[in-house]
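As the structure lists them, so they are numbered: ligands from 1, and atoms in each ligand from 1. These figures come from a predicted structure and were not determined experimentally. Below, all heavy atoms of this structure are taken into account, side chains as well, without hydrogens, waters or symmetry copies.
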Amino acid sequence: MKAYMYDNQPGDQRLPHDSGRAISTEALCKLGVLYYHLTDIAEVNKLAADRGYKNRDEITVSPEKMGDVYEDKVKMFFNEHLHEDEEIRYIRDGQGFFDVRSKDDEWVRVRLEKDDLLILPAGIYHRFTTDEANFVHAMRLFKDEPKWTPLNRSEDLKDNAFRKEYVDEFLA
Ligand code: KMT
Ligand code: NI
């Protein structure tokens, strides 16, 4: 894992876009973003049990797996959005970038690779992209039924209960 401020330069979203300003795990934690490096699946099972996560699936994001829709999917994942539930991703292979909004509404880029697990809190604005290798295999953990509804960023979400709760707890 490596976290840093995004450079906001134009160009392919899959490039590193590293501004050179590093962000610590503690700073991520202050945004409600939790990072773990877990090399043993038993640790993942424990974390899932502790948080009441009953279900999981695995997704491979790559042109080989997704074919023609790969480029569209990658663009879709990169639309800024939030969820009304935590988003937990455990990287099994390959790598990818999760971008999350800082307190000042700037992008923080989190580069994840094998055995990295990231928890994004409900209500945080974020986006995802693969890197230049165009390959990530991830486990997605969820409480009950898969519910990945992305709510794209909009003024209307200011009144969303999950957004409000996030803002009150982490950005106030
Ligand atoms: C997401 O929510 O953006 C994804 O599931 C992307 C693929 S998992 C690394
Ligand atoms: Ni998401």
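Remark: minimum distance from atom 5 (O) of ligand 1 to any protein heavy atom is reached at R89 NE, 3.0 Å. Atom 6 (C) of ligand 1 has F128 CD2, 3.5 Å as its closest protein atom, hydrogens excluded (heavy atom only).
Under a cutoff of 6.0 Å and an axis angle of 45°, R153 and Y125 form a cation-pi pair. With a 6.0 Å cutoff to the six-membered ring centre and a 45° limit on the axis angle, R127 counts as a cation-pi contact of Y6.
Between the Ni ion (ligand 2) and the N, O or S atoms of E87, the shortest distance is to OE1. Considering just the N/O/S atoms of H81, the one nearest the Ni ion (ligand 2) carries the name NE2.
For ligand 1, the polar-atom distance check against H83 finds no nitrogen or oxygen pair separated by under 3.5 Å. Taking only nitrogen or oxygen atoms, main chain and side chain alike, E87 reaches within less than 3.5 Å of ligand 1.
Between the side chains of Y36 and E43, not a single donor N or O lies within less than 3.5 Å of an accepting N or O. A side-chain donor from one of H137 and E58 sits under 3.5 Å from a side-chain acceptor of the other. Inspection of the D116 and H37 side chains reveals an N or O donor paired with an N or O acceptor under 3.5 Å.
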